[in-house]
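Predicted, not measured: the structure shown is a model, and the values here were computed from it.
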Amino acid sequence: MIPVTSFAGKTVAVFGLGGSGLASCHALKAGGAEVIAADDNAENVAKAAQAGFITADLRDVSWTNFAALVLAPGVPLTHPVPHWSVLKAREAGVEVIGDIELFCRERRRHAPDAPFVAITGTNGKSTTTALIAHLTKVAGYDTQMGGNIGTAILSLEPPRMGRVHVIEMSSYQIDLTPSLDPSVGILLNVSEDHIDRHGTIEHYAAVKERLVAGVQAGGTAIVGVDDGYCRDVADRLDRAGKNVVRISVKNPLASGIYVEHGTIVRAAGGARSEVAALGGIGSLRGLHNAQNAACAAAAALAMGISLDVLQNGLRSFPGLAHRMEQVGRRGNVLFVNDSKGTNADATAHALSSFADIFWIAGGKPKAGGITGLTGFFPRIRNAYLIGEAAQEFSGTLGTQVAHEISQTLDVAVEHAARDAEASGLTDAVVLLSPACASFDQYRNFEIRGTKFRELVQALPGVKPVV
């Protein structure tokens, strides 16, 4: 835990008592603050009370003595309308911040030079975060990984030299971190997402920009420049005097890091040098993972990690669970768990990574279904449709893609494995990438992916991928 000493002797309201909210309560209390805990969910309030915190309905208390409102990132700050607790705080002149802001203040107080890598982007941030954490571990750092990827930041160990915090940040978390100042900041990409919470794509992009704009003096801002929003961000950071490293997987760069023919290349001052090879690394297959790897490599170089350690770290990266996870092989058939592919855009990355696919898709459908994936249909040898979306997806596939309605995951795995093996293809892939939420048959994508892994590994003759 990271005790939050910056509010010692003061009273702080915490609203939103899920994982990060409750961790904030514990960290504030450990640092000497009095905490008033609240939530719209009575069950969460009861858990906080059971943990020994004072709870209250913040509508019925005086805000005069509150030094801050610590807001959980899932609670609306601006759009579609500010949450009532935010309005109460603003009326009382009380600052509204999040748990990562508390971390930033503690780092500045106690270990301002401790390495802090923050990662954001519309796509790829979890894989990039996990990869950077893996690289820093291989390099010998005491690595603390958390934030949006799972572990609440205040549940990690405190900042100190020799210990690196690798933190994934959503736009919601950035919005609640006004003094965000990583030593290495990464903005992977920006595309339309979470507009319901930010109002416009321009506001969403501006929030993302703050992560790299806040990089501390002497730090490094790493920006993927394969979309227009991020190219503009990189140019603004340059003009502001920041140390900017541009990343591209689509075009060579005169200055920056790019990927060419499966090799990460660094260009500077008219010279180019090879940084690392990506060929044959199954956990980093596909153009989207090339971008993730290039950004992670740039972060490693900014931290002084050697090229040998970087290459070894890339090769030993096991991948992110449920995201293009290679869970087994039988003969020429590879089984890939991409259960985290819960919409068509995410599934497009998976489909683009293989040529001969036996595709398991379906679940609770999202707007647009799979109509945006027609360009990848020639790669699909057969599809196995499950859950509520099965009939809708069948209609979209029509006669373009051979398919069956399997209904359940166990039937789909059995039939896909059988057909892939019988196909005689040298690189057949059974791919679970549902392009759907899991909520019709599974509580979350992790449970769905774990079930897929178990079903595959129970098949006769399946061996782990090494």
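- For the pair Ser423/Arg381, no side-chain contact is recorded, criterion being any heavy-atom separation below 4.5 Å from C-beta on.
- Between the side chains of Thr120 and Lys208, at least one donor N or O sits under 3.5 Å from an acceptor N or O.
- Residues Tyr384 and Asp419 are in side-chain contact: their nearest non-hydrogen atoms beyond the backbone lie under 4.5 Å apart.
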Criterion side chain to side chain contact (heavy atoms under 4.5 Å, CB included) on Val212 and Ile186, from CA distance to verdict: CA-CA 6 Å; Val212 283; Ile186 299 173; 5.7 Å; no
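- With contacts defined as side-chain heavy-atom distances shorter than 4.5 Å, the pair Glu101/Leu176 does not qualify.
- A heavy-atom distance below 4.5 Å is not found between the side chains of Val327 and Val336.
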Residues Phe452, His322; criterion ring-ring contact (aromatic ring centres under 6.0 Å, His included); working and verdict: CA-CA 10 Å; Phe452 175 78; His322 313 298; 9.8 Å; no
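- The closest donor-acceptor contact from the side chain of Thr200 to the backbone of His203 lies under 3.5 Å.
- Within 6.0 Å of CD on Glu274 lie no more than 12 heavy atoms contributed by other residues, nucleotides or ligands.
- At most 12 non-hydrogen atoms from other residues, nucleotides or ligands lie less than 6.0 angstrom from CZ of Arg266.
- Between Ala294 and Ile247 the shortest heavy-atom distance is CB-CG2, 3.6 Å.
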Derivation of the side chain to side chain contact (heavy atoms under 4.5 Å, CB included) call for Phe358 and Val429: CA-CA 6 Å; Phe358 294 78; Val429 175; over 6 Å; no
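- How far OG1 of Thr342 is from NZ of Lys364: 13.0 Å, rounded to the nearest 0.5 Å.
- Separation of atoms CG (Leu284) and CE (Met324) is listed at 9.5 Å; rounding is to 0.5 Å.
- No donor-acceptor pair under 3.5 Å is formed between the side chain of Arg330 and the backbone N or O of Lys463.
- Looking only at atom types and distance, the side chain of Asn243 has a donor-acceptor partner in the side chain of Thr220 under 3.5 Å away.
- Classification of Glu446 and Lys340 as a salt-bridged pair fails, no side-chain N sitting under 4.0 Å from a carboxylate O.
- A donor atom on one side chain and an acceptor atom on the other are found under 3.5 Å apart for Glu404 and His415.
- Of the N and O atoms on the side chains of Glu168 and Ser126, at least one donor lies less than 3.5 Å from an acceptor on the other residue.
- Judged by distance alone, with hydrogens and angles left aside, the side-chain atoms of Gln441 form a donor-acceptor pair with the main-chain N or O of Gln407 at under 3.5 Å.
- A donor-acceptor pair under 3.5 Å links the side-chain atoms of Gln311 to the main chain of Ala277, judged by distance alone.
- Thr347 has its side chain out of reach of His349: every pair of non-hydrogen atoms, C-beta onward, lies at least 4.5 Å apart.
- Ser306 and Asp308 share no donor-acceptor pair across their side chains, judged by distance under 3.5 Å alone.
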Stepwise side chain to side chain donor-acceptor pair (under 3.5 Å) test for Asp142 and Gln144: CA-CA 7 Å; Asp142 173 354; Gln144 302 288 304; 3.2 Å; yes
From CA spacing to verdict: side chain to side chain contact (heavy atoms under 4.5 Å, CB included), Val166, Ile119: CA-CA 8 Å; Val166 183; Ile119 303 99; 3.7 Å; yes
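- Distance alone, capped at 3.5 Å, is enough to place a donor-acceptor pair between the Asn444 side chain and the Ile447 backbone.
- A distance-only check finds a donor-acceptor pair linking the side chain of Thr128 to the backbone of Gly124 [under 3.5 Å].
- Side chain to side chain, Gln216 and Asp181 fail the donor-acceptor criterion of an N or O pair below 3.5 Å.
- Distance check, rounded to the nearest 0.5 Å: SG of Cys436 to CG of Asp440 gives 7.5 Å.
- Contact of the Phe354 side chain with the Arg285 side chain is registered, since non-hydrogen atoms from C-beta on lie closer than 4.5 Å.
- Pairing each heavy atom of Arg160 with each of Pro115, the nearest pair is O-CD, 4.5 Å.
- No more than 12 heavy atoms of other residues, nucleotides or ligands lie within 6.0 Å of CD in Glu43, so this atom counts as exposed by the packing criterion.
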Full working for salt bridge (charged side-chain N to carboxylate O under 4.0 Å, His left out) between Asp113 and Arg107: CA-CA 8 Å; Asp113 296 324; Arg107 175 174 172 267; over 6 Å; no
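- When all heavy atoms of Gly185 and Val215 are compared, the closest pair comes out as N-CG2, 3.7 Å.
- A salt bridge links Arg323 with Asp338; the closest basic N to acidic carboxylate O contact falls under 4.0 Å.
- Note that OG of Ser283 is 10.5 Å distant from CZ of Arg315, once rounded to the nearest 0.5 Å.
- Looking at Arg210, its side chain does come within 3.5 Å of a backbone N or O of Thr177 through a donor-acceptor pair.
- For His165 and Phe116, the ring centers sit 6.0 Å or farther from each other.
- At least one side-chain heavy atom of Leu188 sits less than 4.5 Å from a side-chain heavy atom of Lys125.
- You'll find the side chain of Thr122 stays beyond 4.5 Å of the side chain of Asp345, heavy atoms only.
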Full working for side chain to side chain donor-acceptor pair (under 3.5 Å) between Ser339 and Asn337: CA-CA 6 Å; Ser339 182; Asn337 169 25; 4.5 Å; no
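- The backbone N or O of Val411 lies less than 3.5 Å from no partner atom in the side chain of Glu414, so there is not a single donor-acceptor pair.
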Thr143/Lys137 under side chain to side chain donor-acceptor pair (under 3.5 Å): CA gap, chis, key distance, verdict: CA-CA 6 Å; Thr143 300; Lys137 285 178 185 174; over 6 Å; no
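- Summarising the geometry, atom CD1 belonging to Ile281 is positioned 10.5 Å from atom CZ belonging to Phe317; distances are rounded to the nearest 0.5 Å.
- Heavy atoms only, all atoms of each residue included: Val430 and Val333 are closest at CG2-CG1, 3.8 Å.
- In this structure, His403 has its ring center no closer than 6.0 Å to that of Phe393.
- Just one of Asn189, Asp226, Thr127 meets the side-chain hydrogen bond (donor to acceptor under 3.5 Å, both in side chains) condition when paired with Gln291; it is Asn189.
- Taking every heavy atom of both residues into account, Ile222 and Ala299 meet most closely at CD1-N, 3.4 Å.
- In the displayed structure, Lys451 atom NZ is contacted under 6.0 Å by at most 12 heavy atoms of other residues, nucleotides or ligands.
- The nearest pair of heavy atoms linking Ser24 to Asp99 is OG-CB, 3.3 Å.
- Looking at Asn44, its side chain never comes within 3.5 Å of a backbone N or O of Asp39 through a donor-acceptor pair.
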Intermediate values then yes/no, side chain to side chain donor-acceptor pair (under 3.5 Å), Thr371 and Thr396: CA-CA 7 Å; Thr371 55; Thr396 305; over 6 Å; no
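- Between the side chain of Trp359 and the main chain of Ser433, a donor-acceptor pair closer than 3.5 Å is present.
- Applying the 6.0 Å contact sphere to NZ of Lys250 captures no more than 12 heavy atoms from other residues, nucleotides or ligands.
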